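Some notes on the structure that comes next.
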Amino acid sequence: KPSPSSIADTTMSDDGSGDEAPPRPPPQSQTADTMLQSPGGKVANKLTPDAEIRKLLSKCNQRMASVRTMVDENSGHLKNLRDEFRNLKKQMTQLSREQQA
């Protein structure tokens, strides 16, 4: 029984004989193992898998640092809002007592 990939590679010739076409090369994936070409047809420098991993880790660490900074800023804002809300609540309680007296 032919596999689905071999069926896909079989094409009908002009005479209808169903002769197999030459096998197609597998599609290239965009990984560190393939070399990327620029629009001018020149081959770009390829990063080794270790170098690419280090680059991605560095990028990830930078993003994590910016997220930590944002969390710290938001935490400070929330603490400030909490304190201001408590202060407002005390003032409202005092005002309510003054109006009842």
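All residue numbers refer to positions in the sequence shown, counting from 1. Just so it is clear, the structure is predicted and the values come from calculations on it, not from any experiment.
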Worksheet entry | Nearest atoms (heavy-atom pairs only) where Lys55 meets Leu47 | CD-CD1, 4.0 Å
Worksheet item: Any side-chain heavy atom of Glu84 sitting closer than 4.5 Å to one from Leu88?
Response: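 Answer no - side chains too far apart.
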Discussion item. Just so I know, are the side chains of Met70 and Glu73 near enough to count as touching, which here means a heavy-atom distance under 4.5 Å?
Written reply: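 Met70 vs Glu73: side chains touch.
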Quick one: pull up [atom1] in [X] and [atom2] in [Y] and give me the separation to the nearest 0.5 Å.
X: Met64; Y: Leu57; atom1: CE; atom2: CG; answer: 12.0 Å
X: Leu56; Y: Glu52; atom1: CG; atom2: CD; answer: 5.5 Å
X: Arg86; Y: Leu81; atom1: CZ; atom2: CG; answer: 12.0 Å
X: Ser66; Y: Asn61; atom1: OG; atom2: CG; answer: 11.0 Å

Does any N or O in the side chain of [X] come within less than 3.5 Å of the main-chain N or O of [Y], such that one atom is a donor and the other an acceptor?
X: Thr69; Y: Ala65; value: yes
X: Asn87; Y: Asp83; value: no
X: Thr93; Y: Lys89; value: yes

Discussion item. Is it the case that atom CZ in Arg63 sees more than 12 heavy atoms from other parts of the structure closer than 6.0 Å?
Written reply: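 No, the 6.0 Å shell around CZ holds no more than 12 heavy atoms from other groups.
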Discussion item. My understanding is that only residues two or more places apart in sequence, or in another chain, count here; which of them pass side-chain contact (heavy atoms from CB on, under 4.5 Å) with Leu78?
Written reply: none
